[in-house]
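Source: prediction; values computed, not measured.
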Amino acid sequence: SVSRFMDVLQKVEEALAEDASGPYFLGDRFSLIDIMYTPYFEREVASLMYFKGFNMRDQERYPAISAWLDAMETRPSVRASKSDYYTHAHDLPPQVGGCDEEESGVVARADVDGNAWQFPLRPDLT
């Protein structure tokens, strides 16, 4: 459910904010947990923006998640394996049996579908 997802997302935000020594789950120490979470967040960020217009990178609502994603994207290994929003958004429906498009995602869909290979997306969408 949406409320359960939001509760879990808030717990992730709190876990990332717990150690202020750095942006990672263990503060300034990059660890396996960061590696494990990255591909899931990469897909969620793209798909939730595309289908629902939900911005998981909202720096005001999720400052620790946003800082963590920014830090992860500076790592050469993440940049080398990162996919694009278009691929994530269009690969997800067959994997989960469909995704409902909501009106709140119309701007993101137009940007992803119209500028699929241009990075980064407009600042108001990331």
Is the backbone of R43 close enough, under 3.5 Å, to the side chain of S47 for a donor and an acceptor to pair up by distance?
yes
How would you list, by chain and number, every residue that makes a ring pair (Phe, Tyr, Trp, His ring centres under 6.0 Å) with F30, sequence neighbours excluded?
Y24
On a heavy-atom basis, the closest approach of P23 and L16 is O-CD2, 3.6 Å
Quick one: does S66's side chain have a donor or acceptor within less than 3.5 Å of a partner on D58's backbone?
no
Near-ring test F25/Y37, centroid separation under 6.0 angstrom:
yes
Just wondering, do P63 and E13 contact through their side chains at under 4.5 Å, heavy atoms?
yes
Given the rule in the side chain to side chain contact (heavy atoms under 4.5 Å, CB included) test, do I65 and L9 qualify, once you have shown the distances and angles that lead to the verdict?
CA-CA 9 Å; I65 290 172; L9 191 60; 3.6 Å; yes
Candidates Y50, Y86, Y85 - the one meeting side-chain hydrogen bond (donor to acceptor under 3.5 Å, both in side chains) with D113
Y50
Give me each pair satisfying salt bridge (Lys or Arg N to Asp or Glu O under 4.0 Å) with a member in residues 26-38, each pair once, sequence neighbours excluded.
none
I need the full list of salt bridge (Lys or Arg N to Asp or Glu O under 4.0 Å) pairs touching residues 61-73, with sequence neighbours left out, sorted by first then second residue.
R57-D70, R57-E73, E73-K82
Is the number of heavy atoms from other residues, nucleotides or ligands under 6.0 Å of E14 CD greater than 12?
yes
Could you check whether any side-chain heavy atom of M56 comes within less than 4.5 Å of a side-chain heavy atom of F41, counting everything from C-beta outward?
yes
side-chain hydrogen bond (donor to acceptor under 3.5 Å, both in side chains) against E42, all qualifying residues, sequence neighbours excluded:
H88
CD/Q10: more than 12 non-hydrogen atoms of other groups inside 6.0 Å:
yes
Heavy atoms from other residues, nucleotides or ligands near CD of E102 exceed 12 (cutoff 6.0 Å)
yes
All side-chain hydrogen bond (donor to acceptor under 3.5 Å, both in side chains) counterparts of S21, not counting sequence neighbours:
D19
Checking R109 now: which residues fulfil salt bridge (charged side-chain N to carboxylate O under 4.0 Å, His left out) with it, not counting sequence neighbours?
E101
Is there a path of hydrophobic side-chain contacts, each under 4.5 Å between heavy atoms of I, L, V, M, F, W or Y residues, that connects V2 with F54?
yes
Check whether S81 reaches the backbone of S77 with its side chain - one donor and one acceptor, N or O, closer than 3.5 Å.
yes
Are any of the side-chain heavy atoms of W68 and Y62 separated by less than 4.5 Å?
no
